[in-house]
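Heads up, the thing below is written out as structure tokens.
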Amino acid sequence: MIEASIDSSRPGGKVAADARALIDETSTPPATVFQASIHLSADGQLTEARRGLDRLLSDPRLGWEAQVQLLALDLVERFGTVSTLPGWFSPKRGSALIRTDSDTLLVVFLQPGGTFGVSANAIHALLGAAPPNILYLYDSKALFHLAGTDRFGAGYREMIHGIRLCAAEIGAKRIMTFGRCAPGFTAIKAGLDLAAMRVIAISPVTTMVTSQMSEDARAPVLQRRLAEALSEHERDVLPQLMQQDRTSFDIFYNRAHRRDNDYAQRIAAAQRVSLYPLDEPDRRDPIERLLVPPLGRVSNRLDET
């Protein structure tokens, strides 16, 4: 039996009714139809959400996104949904703790948009019939949880302390962390600082030191914000990885993407790091290519001692 608690309310009935009306109105702009469909999928109204997304499949700008969301709905319908889990996170839905009878807590560091590109219910569906306890974290500061996270307040160290307390409160003896892209860096760093059992990261950034971010157009502003959150040496996970031998790391990456590959290869020699190259996503099933292998790894590792 899954017990869920959410820190803020789900979309109200009026929002859902408005979303249904927008989808049914033929003059509604495609972008609005897409957002209305997302509202409905987040509220568990999958049939209505599918109707809106179907309208967009031939749209030159949103057809690809609509297909991804439809594939996500397929997953939710196949494996079931957690009705109290918000589909999309925001400052009004800053975190969700899904409790099970597992002795493991999986901490999911969501991307700045609040998801992995699909609804949280789709992510949850991929974790199988017997998932661990899961803490979904959102960062409205959009600094990859390195300046804190909405659930635990400001400060990276406060977040680490809050995760430890959460694990203790629910009786979790083991911690796993999970993140993608820049929050993948946080999943690695937090996993090290929490002495986690395992870290699973998709295309993670593995350094955020100034000299390594010259290609990022956001670098000047981003570096200033990062410097306020962490010291320069704390923004590179490699030294800490080379000195530890407790936590295991499953790193999934796109070897055809130069920066993705570089980030993965620079930590390849560290202890207990395993690299898993992923194929490029395509229009047939990007979820199958990008999310099924790493999320399946979570379930496969739960019986480890």
Nearest heavy atoms of [X] and [Y], plus distance in Å:
{"X": "L222", "Y": "F144", "value": "CD1-CE1, 3.9 Å"}
{"X": "S95", "Y": "L137", "value": "CB-CD2, 4.2 Å"}
{"X": "R272", "Y": "S248", "value": "NH2-OG, 2.7 Å"}
{"X": "M242", "Y": "A270", "value": "SD-CA, 3.5 Å"}
{"X": "S37", "Y": "A49", "value": "O-CB, 3.4 Å"}
{"X": "A227", "Y": "R235", "value": "CA-NH1, 3.5 Å"}

Working for side-chain contact (heavy atoms from CB on, under 4.5 Å), residues L192 and Q244:
CA-CA 8 Å; L192 288 162; Q244 76 89 39; 3.5 Å; yes
Could E234 and R157 be called an ion pair, given the rule that one side-chain N must be under 4.0 Å from one carboxylate O? yes
Is D236 paired with R266 through a side-chain N to carboxylate O contact shorter than 4.0 Å? yes
Would you indicate whether the side-chain heavy atoms of [Y] and [X] approach each other to under 4.5 Å?
{"X": "V108", "Y": "L135", "result": "no"}
{"X": "L57", "Y": "L70", "result": "yes"}
{"X": "Y136", "Y": "I98", "result": "yes"}
{"X": "L238", "Y": "T207", "result": "no"}
{"X": "F185", "Y": "V237", "result": "yes"}
{"X": "L275", "Y": "R255", "result": "no"}
{"X": "L230", "Y": "K189", "result": "yes"}

Test salt bridge (charged side-chain N to carboxylate O under 4.0 Å, His left out) applied to [X] - qualifying residues, sequence neighbours left out:
{"X": "D260", "value": "none"}
{"X": "R55", "value": "none"}
{"X": "R51", "value": "D24"}
{"X": "R225", "value": "none"}

Can you measure from [atom1] ([X]) to [atom2] ([Y]) and round to the nearest 0.5 angstrom?
{"X": "T186", "Y": "L110", "atom1": "OG1", "atom2": "CG", "answer": "11.5 Å"}
{"X": "T149", "Y": "E158", "atom1": "OG1", "atom2": "CD", "answer": "12.0 Å"}
{"X": "L53", "Y": "E65", "atom1": "CG", "atom2": "CD", "answer": "10.5 Å"}
{"X": "R259", "Y": "N254", "atom1": "CZ", "atom2": "CG", "answer": "13.0 Å"}
{"X": "I200", "Y": "S274", "atom1": "CD1", "atom2": "OG", "answer": "11.0 Å"}
{"X": "I251", "Y": "Q265", "atom1": "CD1", "atom2": "CD", "answer": "11.5 Å"}

Taking [X] for the side chain and [Y] for the main chain, is one N or O donor matched with an acceptor at less than 3.5 Å?
{"X": "R198", "Y": "T177", "result": "no"}
{"X": "R180", "Y": "S203", "result": "no"}
{"X": "Q223", "Y": "M208", "result": "yes"}
{"X": "T247", "Y": "A196", "result": "yes"}
{"X": "D150", "Y": "S140", "result": "yes"}
{"X": "T206", "Y": "Y263", "result": "yes"}
{"X": "Q69", "Y": "A66", "result": "no"}

Any donor-acceptor pair under 3.5 Å linking the side-chain atoms of D193 with those of Q240?
yes
Taking atom types as modelled and ignoring hydrogens, do the side chains of R50 and Q45 form a donor-acceptor contact shorter than 3.5 angstrom?
->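 No, no side-chain donor-acceptor contact under 3.5 Å.
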How far apart are the C-alpha atoms of F249 and L241, what are their side-chain angles, what is the distance that settles it, and do they pass the side-chain contact (heavy atoms from CB on, under 4.5 Å) test?
CA-CA 10 Å; F249 298 82; L241 279 170; 3.4 Å; yes
Test side-chain contact (heavy atoms from CB on, under 4.5 Å) on V199 and F178; report intermediate values, then the result. CA-CA 6 Å; V199 172; F178 183 42; over 6 Å; no
hydrophobic_cluster_shared for M197 and L165, side chain cutoff 4.5 Å: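 Unlinked, L165 and M197 end up in two clusters.
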N133 meets the side chain to side chain contact (heavy atoms under 4.5 Å, CB included) criterion, sequence neighbours left out, with R99, T100, S102, L105, I170
Counting only pairs under 3.5 Å, give me each side-chain donor-acceptor contact of residues 26-36, with atom names and distances, residues two or more places apart or in other chains.
{"unit_1": "S27", "atom_1": "OG", "unit_2": "E25", "atom_2": "OE2", "d": "2.9"}
{"unit_1": "T28", "atom_1": "OG1", "unit_2": "L22", "atom_2": "O", "d": "2.7"}
{"unit_1": "T28", "atom_1": "OG1", "unit_2": "E25", "atom_2": "O", "d": "3.1"}

Query - Worked verdict on I175 versus T104 for side-chain contact (heavy atoms from CB on, under 4.5 Å) - result: CA-CA 6 Å; I175 294 175; T104 302; over 6 Å; no
Over 60° means perpendicular and under 30° means parallel, so classify the ring planes of F109 and H145, tilted if in between.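 H145 and F109: perpendicular rings.
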